[in-house]
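Atoms considered below: every heavy atom in the structure, side chains included; atoms not considered: hydrogens, waters and symmetry mates. Every chain is numbered from 1 and lettered A, B, ... according to where its sequence line falls, protein lines coming before strand lines.
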Amino acid sequence: MSIIITKDLNLYYGNFQALREINLEVQPNKITALIGPSGCGKSTLLRVFNRMNDLIEGVRIEGKVIIEDEDVYHPKTDLIKLRKKVGMVFQRPNPFPLSVFENVAFGLKIHGLSRERINEVVEESLKRVMLWDDLKDKLHTPALKLSLEQQQRLCIARLMPVKPDILLMDEPCSALDPIATQRIEELMHWLKQNYTIVIVTHNMQQAARVSDETGFMLLGELVEFGMTEQIFTTPAKRRTEEYITGRFG
Amino acid sequence: MLKKRWNHKKIFEWGIEGLIKLSGIVSIILVGLIFIFLLKEGISVFKIVNPINFILGKEWHPVSKPPDFGILSLILGSFAVTLGAAIIALPLGVTSAIFIAEVTTGKTKEMLKIGIEFLAAIPSVVIGFVGIVVLAPVIQKVFDLPTGLTVLTGSIMLSIMAMPTIVSISEDAITAVPKRYREAALALGATRWQTIWRVVLPSASGGIVAACMLGIGRVIGETMAVMMVTGNAPRIPHSLLEPARTLTSTIAAEMGETVQGSEHYFALFAIGIVLFIITFVINFTADLFLHKEKV
């Protein structure tokens, strides 16, 4: 049973068509990677899933997006409920300029969830991203003082108290060095047990390493979608092959 | 081999650099000179009255024999007017800044910003005039007072003068909060209000505090409007509905009548020193907050 389904999805920025007839199915508890050259629409597609594109003026969407059996673009969709269900990690780590603790507790506070267990929840969330041992004595230091890798982990931990089912990751490692990148990738593998992950990356090796399924996008089209191994070894389309072998990019 | 050559481009560069350096140094020297002058002229009064009695003395009778040089009532007058103005201007100014930065867009935003800046362009004598003619009679009637020229009248008019500083600097601070913080909050399912309250305002807090301090600094230093609308009675005000006199208006009102080199003249300069120290501390604190923001 697919957790995210798009049907004939078109997206326009004013007159410019950024996504063309996207039909995609994302499986639960898998890592799905979206690859393609800059400007191919992969980030735009990711931002369709939690409706972050709503913030941009002049965006128009046709077609259907269904997440956990609910029509995301139905006029009655509860945006807050959707964004609780679908968390997002951004390209540049963007912890709030607050303490580590406040960052993780933010979700609890805005959703009026019980604060009785707040300490436990913060601890559990930091454990899930393997930050607890490093930060348990530094819960009240400003988050912006952490290393970039820790900041990015914190941004993932920040999603945990809200209990999302899906994590969208928009080039989560592009600001990190190779070692930090590797460790975030390990974290993604571990998170896969409990979450569905969709990751956008321009780094093909990363897609090959972490993902179960891969979609290749070009000029707003989903050119090919399939098992990662198959996409990288025996791509069905010539354009996919040209891209992954580095003939353009 | 590289040879140092003086073509006219280089001379021009050198000239411009020197000129900029010079203007920078001149402005610092000028401030220094003003302070030294103030200090030199003001310090003489302390031969007649010791600094503690000067600050804490309740009576200000500069021309009686013997004269009383106590500025407590003037300090408290300034304090009362400033406090009143702050109570009005800070909440109003900060909320306007939030409104302009976060709620309005496009043309409305531009119009409001221009409007606020226009407010800063009104000469203070005009503000004082409006205060006397429009506001004072209203206050007199509403509170049934012998005169409408009170601390409250001064506070209201001064809050109008402090608003442009508070609004425009706060607005800059709010607008400067990186988009990625807002995105993060919204993506977590925060509402627009929660995003503003829990993320944007804390991030901009340094700039907003600085804006408020600068606004208050403006109020303390303001002279003309406050002289026109607060009644100028040099006694300690016990409520907002009594007349009072501020440090600034005392200097402005009396400087013209004093003999240069007289005790009164020196006393007015000493008030200048007190004022200078107060505004310096306020601006310096504001600066600290502004720089904290940039870290």
Taking atom CH2 of A:W132 as the centre, report whether more than 12 heavy atoms of other residues, nucleotides or ligands fall under 6.0 Å from it.
yes
More than 12 heavy atoms of other residues, nucleotides or ligands under 6.0 Å from CE of B:M224: yes or no?
no
Taking side chain as everything from C-beta outward and backbone as N, CA, C, O, which of these in A:L82 sits under 4.5 Å from a heavy atom of chain B? Side chain, backbone, both or neither.
neither
Count the heavy atoms of every other residue, nucleotide or ligand shown that sit under 6.0 Å from CZ of B:F79, and state whether that count exceeds 12.
no
Identify which part of A:L144 has an atom lying under 4.5 Å from any heavy atom of chain B, answering side chain, backbone, both or neither.
side chain
Heavy atoms from other residues, nucleotides or ligands near CD of A:E57 exceed 12 (cutoff 6.0 Å)
no
Tell me whether B:K109 at atom NZ has more than 12 heavy atoms from other residues, nucleotides or ligands lying less than 6.0 Å away.
yes
Which pair of non-hydrogen atoms, one from A:F106 and one from B:A190, has the smallest distance, and what is that distance?
CE2-CB, 4.4 Å
Given the options A:H111, A:K81, A:E102, A:K85, which has more heavy-atom pairs under 4.5 Å with chain B than any of the others?
A:H111
Measuring heavy-atom distances to chain B, does A:P93 have an atom under 4.5 Å in its side chain, in its backbone, in both, or in neither?
backbone
CZ/B:R180 to CZ/A:R92 distance, rounded to the nearest 0.5 angstrom?
4.0 Å
May I have the step-by-step check of side chain to side chain contact (heavy atoms under 4.5 Å, CB included) for B:E183 and A:F90, ending in yes or no?
CA-CA 9 Å; B:E183 278 190 331; A:F90 295 81; 3.5 Å; yes
For A:P164, is it the side chain, the backbone, both, or neither that has a heavy atom closer than 4.5 Å to a heavy atom of chain B?
neither
Do you know which two heavy atoms are closest between B:G189 and A:I80, and how far apart they sit?
O-CG2, 3.4 Å
Show the nearest heavy-atom pair for residues A:P95 and B:Y181, with the distance to one decimal.
O-CE2, 3.3 Å
Taking all non-hydrogen atoms of both residues into account, name the closest pair between A:F96 and B:A184 and its distance.
CE2-CB, 3.8 Å
Would the number of heavy atoms belonging to other residues, nucleotides or ligands and lying under 6.0 Å from NZ of A:K192 be above 12?
yes
When B:L188 is tested against each of A:K84, A:R158, A:M88, A:R83 for side-chain contact (heavy atoms from CB on, under 4.5 Å), which residue passes?
A:R158
Does any backbone or side-chain atom of A:V86 lie under 4.5 Å from a heavy atom of chain B? Answer side chain, backbone, both or neither.
backbone
side-chain contact (heavy atoms from CB on, under 4.5 Å) partner of B:L186, chosen from A:L55, A:D54, A:N50:
A:L55
